[in-house]
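A short worksheet on the structure shown next.
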Protein chains: 2
Amino acid sequence: MTTISDVAARANVSTATASRALNGKSSVDPVLAARVVAAARELDYRPNGLARNLRRRETAVLALIISDVENPFFTAIARGVEDVAQAAGYSVVLCNTDEEAAKERRYVEVAIEEQMAGVILSPTGVASAVDLLRDRQTPMVAVDRPLPGAATDTVLVDSRQAARQATVHLAEQGYELIGCLTGPSGVRTADDRLAGYRDGLRATKRRSAARLVRRTEYRSAGAHQATLDLLSQPYPPDALLVANSAMAVGVLQALAELDLRPGRDVGVVAFDDAPWAALLDPPLTVVAQPAYEIGSLAAQLLLNRLTGSHTDPTTTTLSAQLVIRRSSTRHP
Amino acid sequence: MTTISDVAARANVSTATASRALNGKSSVDPVLAARVVAAARELDYRPNGLARNLRRRETAVLALIISDVENPFFTAIARGVEDVAQAAGYSVVLCNTDEEAAKERRYVEVAIEEQMAGVILSPTGVASAVDLLRDRQTPMVAVDRPLPGAATDTVLVDSRQAARQATVHLAEQGYELIGCLTGPSGVRTADDRLAGYRDGLRATKRRSAARLVRRTEYRSAGAHQATLDLLSQPYPPDALLVANSAMAVGVLQALAELDLRPGRDVGVVAFDDAPWAALLDPPLTVVAQPAYEIGSLAAQLLLNRLTGSHTDPTTTTLSAQLVIRRSSTRHP
DNA sequence: TTGTAGGCGTTATCAG
DNA sequence: CTGATAACGCCTACAA
């Protein structure tokens, strides 16, 4: 490994001058600077980031800790984060928690130990991991889900309002027994979507019934089973509000197996506008969340903190958009 | 920031002993060890990974450099990598190149500068970035696409054979003018799929015609346009082989706009078995690639190198599976 | 403008 | 088994 002192030696200068020349910081005699740059090129010198960061006590790396790399909602967030971070010279490390508090904690520890500059995370719920960051005053932004103690910049989507709107929409289409399939209890977005669903029922003078609600993990398999379960009841729901797109896959599979057609037999609205939603027959009505914007905004907030802004933490709530397609209208 | 010497001081031992106790390496008097551990806990000590890695000259982080975080094929690879890496105590950094050689190079440089333990990448084609790794002898595994010079462990899928098989399948279903939509020239998987398509035509005594082939980037928008283009010709194709699932979205959109029904009007087979493929009407025939296995195998190979295996580089070619659904059969 | 020298936090070496 | 001490590679006072 060639080090800066190799470069310095070859250029016949001190390591200090070499460092200065390479970083373009303080003023260096152009002649010497040229010699240094030439030497560096000849030796194919690459700075050792570890040493540099150890010295500078910071790393130009941001951690983005999310609960599912395979969920398009989160990968869209990742793009938003990455575009902004890149532009500012930061790299982004994507970490996958699988909704497990233990993994989240582990990744937070990694972020701390590697002295990463900041963390963007969608908290799994339990606050434990976050306290570590708070204690160390590592800049942090919460996305998608708020943090309990919440002296933290946060970017959310108004899930509850969106769920309410979707539910009202289903009611207006004439569906009577509207069911809801949401994520695990304790996961804030799942709770919010359920609350919004109940708001919607109330607004349209419907009674909410526990038998119309199922909670599973935010994945296809659970939703599939839950749907079969819901629809095998005596008075099954004639519409479903589904809390994310992975679950929607399971729901639609189940409906197909039961030979029920979305829209005609069972109204369906799902969160997240996946690229394939419009391809289905009938096309799937969705609640489109501004995922890319969440990511880019979160990154922007984090960068502001990194450059020393000491304003009070803000919470931004973006709104989602109901995109009505035919899975939620009474047409056959 | 509390350092190891704080811990040592509080436990009344030297930093050396503290380090040993904390790492459980060499044998330490149980009494002292206990004091150290207690002190560390009381001070909420977190080791500084930078310093440790600088000293150890290695980092327990692997870089996974892929061309598109939003492509389910790559996220599935990521899971495979992550599961294996995690189990071995490594963290995984996911980097997104957007198929741009410049970004690839940048991430490779980051990986080198941060002294990451190894790199798994799906090369964009140009070899430049890879040479950096070779020169430094950073352990590396190529996935999905081979490397030119190729003294490197590689995990591939037999795209060509799979494309051939898919094409033959379409021919056997009675489609006469089979077209092909593939990725950019120079991207190996795109070239292979095209070659396999031509193999398939040849095997079924069909002539290949340039007018039945379109190449665009591996994304939905380009495929959409290309499909409109292909089908607006005098003698349009009656079947299409599509090189990935993002492109399939664009193709299916275009078909819907033209009021053409997959299977009946235009046979369609696409690479990658996305979770939604079976939900479409008609369900989409796909070439399922073993993405998770690619990732886990690649990670395993990399870990072997890290632990000092000096065997010759291997190239593993996994096979893909044609999953026949109704988009490629003549039923209406 | 340049060079010298010290330290970032850890771990490895080598005496004791 | 323990403790000084010397690196790891880089950056930055400080002095020249």
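Order of the sequence lines fixes the chain letters, A, B, ..., with proteins taken first and strands second; residue numbering starts at 1 for each chain.
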Practice item. Using a heavy-atom cut-off of under 4.0 Å over every strand shown, decide if A/N23 touches base, sugar-phosphate, or nothing. Key: sugar-phosphate
Check your understanding: Does a donor on one side chain sit under 3.5 Å from an acceptor on the other, for B/N96 and B/Y107?
Key -> no
Exercise for review: May I ask you to evaluate whether B/R57 reaches the phosphate of D/dG9, defined as a side-chain N or O under 4.0 Å from OP1 or OP2?
Suggested key: yes
Practice item. Find the distance B/N53:CG to D/dG9:P and express it as a whole number of Å. Key: 13 Å
Check your understanding: Heavy atoms under 4.0 Å, any strand shown: does A/R20 hit a base, just sugar-phosphate, or nothing?
Key -> base
Review point. Does the side chain of B/S19 get closer than 4.0 angstrom to OP1 or OP2 of C/dT11 through an N or O atom?
Key: yes
Point to revise | Whole-Å distance separating the CD1 atom of A/I4 from the C1' atom of D/dC11 | key: 8 Å
Check your understanding: What is the distance from CD of B/E114 to P of D/dC10, rounded to the nearest Å?
Key -> 13 Å
**Study point:** N/O donor-acceptor pair, side chain B/R55 with base D/dA7, under 3.5 angstrom
**Key:** yes
Check your understanding: Heavy atoms under 4.0 Å, any strand shown: does B/L32 hit a base, just sugar-phosphate, or nothing?
Key -> sugar-phosphate
Check your understanding: Going by atom types alone, do A/S67 and A/Y218 pair a side-chain donor with an acceptor below 3.5 Å?
Key -> no
Review point. If only side-chain N and O atoms of A/T17 are considered, is one of them under 4.0 Å from the OP1 or OP2 phosphate oxygen of C/dG3?
Key: yes
Review point. C/dG3 P sits how many Å from A/R35 CZ, rounded?
Key: 9 Å
Check your understanding: Think A/R52 has a side-chain N or O under 4.0 angstrom from the OP1 or OP2 of D/dG9?
Key -> no
Review point. Between atom CD in A/Q115 and atom P in D/dC10, what is the gap in whole Å?
Key: 18 Å
Exercise for review: To the nearest Å, give me how far apart CG (A/L54) and P (D/dC10) are.
Suggested key: 12 Å
Study note, to complete from the structure: From CZ of B/R56 across to P of C/dT10 the rounded distance in Å is 11 Å
Practice item. Might you point out which heavy atoms bring A/M116 and A/L62 nearest each other, and give the distance in Å? Key: SD-C, 4.5 Å
**Study point:** Whole-Å distance separating the OH atom of A/Y45 from the P atom of D/dG9
**Key:** 10 Å
Check your understanding: Within the structure, does a side-chain N or O atom of A/T3 lie under 4.0 Å from either OP1 or OP2 of D/dG9?
Key -> no
Practice item. Report yes or no: do A/E104 and A/T124 form a side-chain donor-acceptor pair below 3.5 Å? Key: yes
Check your understanding: Does a donor on one side chain and an acceptor on the other come within less than 3.5 Å for A/T152 and A/T154?
Key -> no
